[in-house]
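Heavy atoms only: backbone and side chains are in, while hydrogens, waters and symmetry mates are out.
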Amino acid sequence: MVSFKSSKHSEQECQHRNFMRSTEQSLLSNEGEWNNFENQRLCLAAGACSYLAKPPVNEPREPEQFLMQAPQGNPLLLSHTLQELLSKDSVQVELIPEKKGLFLKHVEYEVSSKRFKCSVYRRYNDFVVFHEMLLQKFPYRMVPALPPKRMLGADREFIESRRRALKRFINLVARHPPFSEDVLLKLFLSFSGSDVQNKLRELVQGVGDEFMTCRLATQAKDFLPADIQAQFAASRELIRNIYNSFYKLRDRAERIASRAIDNASDLLIFGKELSALGSDTTPLPSWAALNNSTWGTLKQALKGLSVEFALLADKAVQQGKQEENDVVEKLNLFLDLLQSYKDLCERHEKGVLHKHQRALHKYSMMKKQMMSATVQNKEPESVEQLESRIVEQENAILTMELRNYFSLYCLHQETQLIHIYLPLTSHILGAFVNSQIQGHKEMSKVWNELKPKLSCLFVGPSNMPTPPLSPPEGNFFSN
């Protein structure tokens, strides 16, 4: 029989022992079988509980330099403000015009970090590896998604859209509290060598994920509120509703910005048509010769209006571009963050919870086999091997439970992070209002400067200027 070391059990460990016992008892329908199996169960439970004091044997122990230090105070609560997060770093992602590559051309980006005071060159695949390593090291955190990769036929619009998305991604990562202090980010933003992808993989290889490196991982349950599951469900529903509303806001903001740019195009064409009308050299027929001087004066005035309409078009374009950058992009940034929260919730449910359920199912099957082997008096070696497998499975279940609590711990913090970003709404609304005020103000100035230049268009019978018709008088369609 295999011997196991006993250890002092915490309240959590004893609760787990009671859970194990109730699970086993439900598997044994015969009271006599339960009594015969009780002594073996106590040994196995003692061995499993001693596992809580150290990492699982199948997961590597991290060197001291890789372990994250425990924060002071209540580690569950985040004390950051939005301004503090935004000031962590500002990363620019600009497209490099030249395409490199002998056969397959690819797009390269210049990534400039204000925090690290350096610029590096990155390809899309570099971002992909960086994203994979973040997910591997921080599976219980909000890792923003990358824009899709388009192999062939990437037009200018797609490339610009992807550049914007990559910029949002790297700024969200650079301002995320755990990510911003991790060596992965520093390497990605400052390493200028050609093998950045291998360097990123080397940093993660053999280190383990955040559960293995965080000193508070095994104590996560102690910091969680008693109603964490109810809070998680309520927060998830709230954030889902916020996402749906912001998605609609972004859609309307895009349409407003697009209309401003379309308006600019219409104004430019309108001015060009007026100029073309004023430049028409077709001779007047003899019966219209009496009004020759009037039409000539009108044509001369129309020819010069294209400059003002071009200026109006330029102002409209500026307003549309400003709303794209200051309103639509900020909405997209917040939507990316909200989507990463939704993805995290799915990883929590389909990842650690699903693995926990599978581990429990496997454990119950092993217990049935153990019960059968004990009743049938099988060979001691075979029983001993089964006992060893059961202990390993109990260890796996305990690990899954600890990971589940740590996942909820991280979810609680990520939910707080979403709420820290919520005041971004006022920044977005302020940018939208300012853009509208500034745009209308500048266009109104051009319109007012244009009005006096139209005086020569209104001439009377004696070639004397007359004021333009007022709206009531000029409404030719009134009844």
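Annotation: side chain to side chain contact (heavy atoms under 4.5 Å, CB included) contacts of Glu237 (sequence neighbours excluded): Arg240, Asn241. Scanning for side chain to side chain contact (heavy atoms under 4.5 Å, CB included) contacts around Glu346 gives Arg236, Lys350, with sequence neighbours left out. Listed by chain and number, the residues in a side chain to side chain contact (heavy atoms under 4.5 Å, CB included) with Ser119 are Glu110, Ser112 (sequence neighbours excluded).
Taking the charged nitrogens against the carboxylate oxygens, Asp209 and Arg403 do have a contact shorter than 4.0 Å, which makes a salt bridge.
By the 4.5 Å heavy-atom criterion applied to side chains, Leu185 and Arg115 are counted as neighbours. In this structure the side chain of Leu333 reaches within 4.5 angstrom of the side chain of Leu424, judged on heavy atoms.
The two atoms that bring Pro225 and Leu76 nearest to each other are CD-CD2, 4.0 Å, heavy atoms only. The minimum heavy-atom distance linking His427 with Leu82 is given by the pair NE2-CD2, 4.0 Å.
Under 3.5 Å, the side chains of Gln231 and Asp227 contain a donor-acceptor pair of N or O atoms.
Pairs passing the salt bridge (charged side-chain N to carboxylate O under 4.0 Å, His left out) check and including a residue from residues 416-440, sequence neighbours excluded, do not occur. Here salt bridge (charged side-chain N to carboxylate O under 4.0 Å, His left out) pairs that include residues 417-426, with residues two or more places apart or in two chains, number zero. Residue pairs meeting the salt bridge (charged side-chain N to carboxylate O under 4.0 Å, His left out) criterion with at least one member in residues 326-339, sequence neighbours excluded, are Arg164-Glu329, Arg168-Glu329, Arg168-Asp336.
Aromatic ring centres of Phe188 and Phe127 lie closer together than 6.0 Å. Aromatic ring centres of His176 and Phe138 lie farther apart than the 6.0 Å criterion allows.
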